[in-house]
Amino acid sequence: MKNDPTLSSKPTGPDYWRSLDELTGSPEFQQWAEREFPETVLDAPDGSSRRDFMKIMGASFLLGGMGLTGCRRPEEALVPFSKMPHHYTHGVAQYFATSMPVRNSAIPLLVKSSDGRPTKIEGNPDLTEGGGGTDTFAQASLLNLYDPDRSRHILKSGKKASSEEAESALASLSEQYQANAGKGLRFLVQPTQSPSRLRLEGHIREAMPQAQWHAYEPVDFGGASRGYSAALGQSLRPVYHFDQAKVIFSLDCDFLGTEQDAFSHIRGYAKGRRVQDGEDHHASTNRLYAVESLLSLTGSNADHRFRVTSGQVFAVAAAMMDQCFEELGGTDNDAGSPIPALRTSLRDKAKQVPQIPGKDGWSAKWISESVKDLVAHKGQCLIVAGQRQPEAVHQLVAAMNVLLGNLGNTVSFVADEQPGYLSLESLKASCDAGEVETLIILDGNPVYDAPADLDWKATQRKAQNVIRLGYYVDETSQDVDWHLPMAHYLESWGDNRSGEGSWLPVQPLIAPLFGGWSEIELLARLAGDAETKGYDIARTTLKALTGASDFEAQWKQCLHDGHHAALKSKPVSVGAKAPDWSKLTPQIGEAITDEAQSTQASKEALEVVFHRDASMDDGRFHNNGWMQEWPDPITKITWDNVILMSRRTASELDNLQNKEVVEVELEGRKVEGPVWIQPGFADFTLGLALGYGRAETGRVGSLGGGSVGYNAYQLRGSQGRHFATGAKVRRLNKTHAISCTQDHWSMEGRAIVREANLENFETKRDFAQNMDLEAHAGHIPHDADGQPKQIYEHPYDARPETQSEIHQWGMAIDLNTCVGCSACVVACQSENNIPIVGKDQVANSREMHWMRIDRYYSGDPQKRQLADSLIMDEEQAYQEWIDDVQVVNQPMLCQHCESAPCESVCPVNATVHDHEGLNVMAYNRCVGTRYCSNNCAYKVRRFNYFDYNKRPIDQLDRGPWATLKDGFIERPEDEVNLVEMAKNPDVTVRMRGVMEKCTFCTQRIEAAKITQKVAARDSGDIEVPDGMIQTACQQACPAGAIAFGNVLDPESAVSKLKQDPRNYAVLGFLDTKPRLTYLAKLRNPNKNMPDYHEMPLSTSEYTRAMGSPFEAHGASHGDHGHDGAHEEAHVGESHAEGGQH
Amino acid sequence: MASNELSSSVKIAAPPKELEREPLVLNNRPPSWITNQVVGIIEGKTPRWWWITFIISALVMLLCPIYIGYLITTGVGVWGLNSPIAWGWAIVNFVFWIGIGHAGTLISAVLFLLRQKWRTSINRAAEAMTIFAVMCAGIFPGIHVGRIWYAWWLFPLPNSNGPIWPQFRSPLLWDVFAVSTYFTVSFLFWYMGLIPDLATIRDRCKNFFSKFFYGLFSLGWTGSNRHWRNYEKAYLLLAGLSTPLVLSVHSIVSFDFAVSQVPGWHTTIFPPYFVAGAIFSGFGMVLTLMIPLRSIFKLHDLLTVRHIELMCKVTLATGTIVGYAYGMEFFIAWYGGNPYEAYCFQNRAFGPYWWAYWIMISCNVITPQFFWVKKWRTNVVFVWILSIFVNIGMWFERFVIVVSSLHRDYIPANWSYYSPTKVDVLTFVGTFGLFMVLFLLFIRFLPLIAISEVKGVTNYADPHHPQGGAKGGHH
């Protein structure tokens, strides 16, 4: 430290100074320079010493048997532990409870810290929100933390500035506006439920009463809340209990996919969907109806689906409401009741319900029968309306839920604590009027995502002084006076409330990498508070909520638990058991009348739906490689957004071809994007995903030059923010390459995903074991135990000493509860250091995901001929069967076959079986013949065709010549270092030329075994208890569809699932004996519905070729009760009863 | 009645004139002519066409080091491979070249054991072709692996990694043994057959260096009775050793596919079908190479139309076997009742790769049928053109087997399409350059017809023939 200028009183050498303060030798600078760590969380609370800080923090973490990290590795090296914190072992990961703030809600998390850096995000299993599951955004948010392109510096008019400068600027602003009561001060914020932010907001509102608060959220989830609040006259936030609902009706509401808190809803939905053996399935299994324009995850899981344009959803809701009155009866008998008038107006609106050509009365029957089903489950059903729908629909839904007695049962309420915010439009008016002196933009990105007609870039600049707190130097930060880097939530202290109202702490796992501030730290400075550290602010807020007594204990406890049970919002009683119709009806009536009936969409005036993207959200994940490469759960498209449309729309629009670039024009605004013909899509609707085409993005978001995707916000006006009618499409005679991870749509009648209706299931519970070739194996020789005779002896039988008698790992996935949300895919990527490969590589089917969700469409078998299965995949989009499809999803990963075909063909023994039943890869031994991949029937092996971890992703094929132009052999330094911090140190990073695949998270298995061995000591009980190991996919799964454990333990969850009659092995006839088995999917259709099919369409397709699985055949031969075609397929079975031939 | 009029004395008819075999060397060329004609090619001035073809071939050959270097430094991703099509042109080319390498040893070993004397005019060049083709083939398994610097792990070598051995259950390992054995034995066989001819050249050449090298490689051959006795014994033994190899190499190459469980690969018909296909393609290549050489070097008397006709017949027979195998695959796919396999074959013929399938059928099944007609199979130009179709067809056969089976197998979600990249194509073109360079060097420096053996099938070597016998004929 000889040359440390802070120690030497007399600097030697040339005279450099770090700021003007140094030159003048101001005391502030002296103090700053002497501090070892300027501006970090290590700053001690209450001015106590660093040692005290360590004590406090250490103690709080110790409660959970965890030690202190909280500083990232490089700093730890500077200050070695002179005394090792208790319970900290170098190399042993620790978990910290925190939460991820999302719009108006939060996701409770447990985050893994590996030696001071967060490396994996998991859901907090102690909370009902997701029950340990998370969504993809939470999983991927980790990569944002280590994004080398994130904002690193405070910028004053685009130039780097010090934090002192920023702080003093804020301090002077604070003084100025406290003096003038906030006149000319405007805030543009995003809605939140964070108690600390609301508290600080309150401070400012009090101290600067004339300052105005505007809120803008490009994807507005507040509709339901506003609908209920308007209908019930109280400020409310609805909490849905999908687990309680037996009949769920979605009106354009993707509650399993892109809606708020979807991960939590999936948990509830899956609970209501789960079929337990020995119960009355009809009574216990829920049924899902969906009316929607896009094919969403919710619609793809629905038992009945009605595709209408988003504008027609209102008409459907009106028809439903009318039908509700019809079915419930008795409500309009009283003289003077407002109901008859309401019904008349409802019927008027219901006329717009689309008719299906060639199917008279189909729509009416669909609606009336589904409403009958709702009414039959009064108090046990739930209607939800989507975020895109206008308030009138939300009010109708509120009214119907009231009518159906669902309030308090399937939907409850918590109070909405947010103050009212002004709109973005009013902020524009003020800006235009020159009333805005200082505009403070907290997060968000309005220049990119504000309605196009507001011309926000210019509007924003009309404010004299614009201060922006942003995570990136993005579009909004381009022309501002101050840009302040925002801290990631894993770097900041705070608090939040989940959608259900739980109080959740936000605690950092690492000091801000680039010295960013959190929202509350900025607001505290503006408010002029003495407390400017997030840690203090959050504590003060909590102290106010809990009371001062016993506060430290509560603080420690809630940091440990990740929530504070006593602070959970109490359900608000709305007294709606007996609805006051006289009060409710005029309100609804007014809403209905006011709702401008959307014009029917046609090919001249198309409807455009602006939807939240499943991977980009509203654009905030645009520079996140995991999300860019994460296949959309429905379209399976990566690295792009497309213009979704139905086959009929494309054909009527002058035969538009898939991937053709078109220009969409709406009210004079234009945008260009590629066409993607989507099965099951409503006709004359275009789906435009938001969040792409960012002008100012990072290296990932601009991969391949330009920006990934097109910017749909360019088309979006302030009217019709979520959907609008009147768009035109113009052909541009060029095409755009799309990287889609699943080219083939149909399952081709194969028994890959096996499904049945509940009725079918009841006639034959083990139908899934009565499918595919294994069910037609009666003619091959059998052993005495009824199993097909083996040609080869099982390796474990041949050499029993190679088999562990303690652990044999296995997995079971319940396809009935899996909704296909694909959170597991990112969880796996994060856990297993799976690289991204870029758009071009994905286009050539080289994506590296160890786990994929296979999504199949099945159409009416009558509309599909054998020849249709032989066409090029590109031609599928023009086939009629795709119009009304059923969808199935299947997580596909290494099956860990006991007789693994990959193992016997590897010439160098690089993939072998271990004694616990895992099919393991020895990367170091792999030479990369790829034979194992060819011989894998499930095609789950992934090959490193290039050095994805070492070479720049846009120059993979340039090999050693890549980046030579920059003078680097490998990636630029910053990228490597920061990205490497996200890697899981427990998992090998693979080089090129090596095959890789799912390991069943062998690192977690080993960690659990070690822990158990340590705990066992002399008892010798080294069997890992069930549930101690959760694979990354299982952990992330909000549906709880994945079970993993020891199959030798008959009591383990996985063993029990494997005993289920629905349990089956994919391609079981190959006799690979996979350790991963699936539980067949069940559908619960309503027999009275016009779109009822006797069996799921995929099962019909299967039946056509292989015979019905619900009739006895195959193994139990001699039963010739099935159809002739089936007989023909089995020549010689009559003489083959157990005989050998 | 006429019978009564029969004469009691029955005329003893003269025995029918013995059907004379067509001679294997036309115009009753004497042994000295044969020697002069064949060795003359080597002794003569290097023709201009040779230089032109050689330089072009050498330049084409350069594509190999360039693109293989790029491949090794950058990764296998420079090829068009993907998931599920993890094997593409490299394996197709490997099997293609190995298949071509079949004719030589078949001609020299199997036909030798079957006493097919006509083999003598073609065996030398065919064997050379075999060796060069196997060399071209050998490039691909080496470079197609992801980490080429560890490719030696496929050999059972002692190593410091503990007792790690290759996996003896893997057909790729069997390939290593089969191909290396085949190459070694074929090379030895070829070289042994060359020794008497090398001695002939040695005895004729005047240049010191030529004398030294031909002398070195002729291993002191004097043509003594003892030498001939040992030589013929060894030749017979090597022929016996090579014969099973002819069948084993391509059987084992076919195991790469047959042992797997991919529909379209997993069939027991593969070994005989592959061997037949290999002989078919090998003869196709022999025809492609020999017909121009015959004209250029005026070898019409040694490489007669009869030779070409006989080769056409082999081509017809093996091509028909291959056609039968194609049909049988379809029959079993239907009869076996396995829908996955049934789909694979429907998809092969009518799916996205239908064009490759029908090129294969046209070239391999329809083309050889022209050889039923004597007029056509004796038309040398026509045969040469058809032989090229055979080569094309057999490349496509391997392409169809490898790619069309992999691109749509069990799980439809993972189906995909494969297209080669520039690197795939140019590496393959480069191997043709290599092959041509080696073959051109061969015809320039080594006798392309087995002089001593051809002499052995002339009338001069037949003691029962008026011209033959031990009359001190020149060897």
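Letters go in sequence order (proteins before strands), and every chain restarts at 1. Here the structure is a predicted model, which is why all the values come from computation and not from measurement.
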Against chain A, label [X] side chain, backbone, both or neither, depending on which of its atoms sit under 4.5 Å from a heavy atom there.
{"X": "B/Asp175", "value": "neither"}
{"X": "B/Leu81", "value": "both"}
{"X": "B/Leu71", "value": "backbone"}
{"X": "B/Trp354", "value": "neither"}
{"X": "B/Tyr353", "value": "neither"}
{"X": "B/Trp334", "value": "neither"}

[X] side chain to [Y] main-chain N or O, any donor-acceptor pair under 3.5 Å?
{"X": "B/Gln261", "Y": "A/Asn935", "answer": "yes"}
{"X": "B/Asn414", "Y": "A/Tyr938", "answer": "no"}
{"X": "A/Arg846", "Y": "B/Ser83", "answer": "no"}
{"X": "B/Gln167", "Y": "A/Glu903", "answer": "yes"}

With a 4.5 Å heavy-atom cut-off (strictly below), which parts of residues 250-258 of chain B touch chain A? List them by number.
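Near chain A, by residue number: B/Phe255, B/Asp256, B/Phe257.
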Residue among [options] with most heavy-atom pairs under 4.5 Å to chain A:
{"options": "B/Asp409, B/Val262, B/Ile85, B/Val176", "answer": "B/Asp409"}
{"options": "B/Arg169, B/Gln346, B/Arg408", "answer": "B/Arg408"}
{"options": "B/Asn338, B/Ile91, B/Thr74", "answer": "B/Thr74"}
{"options": "B/Leu173, B/Ile164, B/Val259", "answer": "B/Ile164"}
{"options": "B/Pro141, B/Ala413, B/Ala349, B/Pro166", "answer": "B/Ala413"}

Between A/Tyr945 and B/Trp79, does the ring centroid distance fall short of 6.0 Å?
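For A/Tyr945 and B/Trp79, the ring centres are not under 6.0 Å apart.
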State the OG-CG distance between B/Ser170 and A/Asn909, to the nearest 0.5 angstrom.
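One gets 9.0 Å once the value is rounded to the nearest 0.5 Å.
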As an exercise, state the distance from SG of A/Cys906 to CG of B/Leu172, rounded to the nearest 0.5 Å.
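Going from the SG atom of A/Cys906 to the CG atom of B/Leu172 covers 8.5 Å.
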List the atom of [X], the atom of [Y], and the distance in Å for their closest heavy-atom pair.
{"X": "A/Tyr923", "Y": "B/Arg147", "value": "O-NH2, 3.1 Å"}
{"X": "A/Met1106", "Y": "B/Pro339", "value": "SD-CG, 3.7 Å"}
{"X": "B/Thr73", "Y": "A/Arg992", "value": "O-NH2, 3.2 Å"}
{"X": "B/Pro352", "Y": "A/Met872", "value": "CB-SD, 3.0 Å"}

Only pairs of heavy atoms separated by less than 4.5 Å count here; which of [options] has the most with chain B?
{"options": "A/Met991, A/Met995, A/Arg941", "answer": "A/Met991"}
{"options": "A/Asp854, A/Asp743, A/Asp957", "answer": "A/Asp957"}
{"options": "A/Met892, A/Gln742, A/Arg855", "answer": "A/Gln742"}
{"options": "A/Gln890, A/Arg925, A/Glu847, A/Gln841", "answer": "A/Arg925"}
{"options": "A/Leu1067, A/Asp947, A/Val912, A/Ile752", "answer": "A/Leu1067"}
{"options": "A/Asn934, A/Asn924, A/Leu773, A/Ile871", "answer": "A/Asn934"}

Which atoms of [X] approach chain B - backbone, side chain, both or neither, heavy atom under 4.5 Å:
{"X": "A/Ala843", "answer": "neither"}
{"X": "A/Phe943", "answer": "side chain"}
{"X": "A/Thr929", "answer": "both"}
{"X": "A/Ser746", "answer": "backbone"}
{"X": "A/Tyr856", "answer": "side chain"}
{"X": "A/Val940", "answer": "neither"}
{"X": "A/Asp772", "answer": "side chain"}

For atom NE2 of B/His266, is the number of surrounding heavy atoms from other residues, nucleotides or ligands below 6.0 Å larger than 12?
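At most 12 heavy atoms, drawn from other residues, nucleotides or ligands, come within 6.0 Å of this atom.
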Using a cut-off of 6.0 Å, state whether more than 12 heavy atoms not belonging to B/Tyr324 lie near its atom OH.
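Incorrect, the count does not exceed 12.
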Going through the distances and angles, do B/Tyr417 and A/Asp873 end up as a side-chain contact (heavy atoms from CB on, under 4.5 Å)?
CA-CA 9 Å; B/Tyr417 195 78; A/Asp873 292 333; 5.9 Å; no
Can you tell which of B/Trp149, B/Trp153, B/Trp152 makes a side chain to side chain contact (heavy atoms under 4.5 Å, CB included) with A/Val927?
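When side chain to side chain contact (heavy atoms under 4.5 Å, CB included) is applied between A/Val927 and each of B/Trp149, B/Trp153, B/Trp152, only B/Trp153 qualifies.
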Close side-chain approach of [X] and [Y], heavy atoms under 4.5 Å:
{"X": "A/Lys939", "Y": "B/Tyr410", "answer": "no"}
{"X": "A/Glu748", "Y": "B/Trp415", "answer": "yes"}
{"X": "A/Ser933", "Y": "B/Trp87", "answer": "no"}
{"X": "A/Ser845", "Y": "B/Tyr418", "answer": "no"}

Quick one: is the NZ or CZ of A/Arg750 closer than 6.0 Å to the six-membered ring centre of B/Tyr343, and within 45° of its axis?
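Flagged: A/Arg750 positioned over aromatic ring of B/Tyr343.
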Who are the side-chain contact (heavy atoms from CB on, under 4.5 Å) partners of B/Pro65, not counting sequence neighbours?
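Checked B/Pro65 against side-chain contact (heavy atoms from CB on, under 4.5 Å); matches are B/Leu62.
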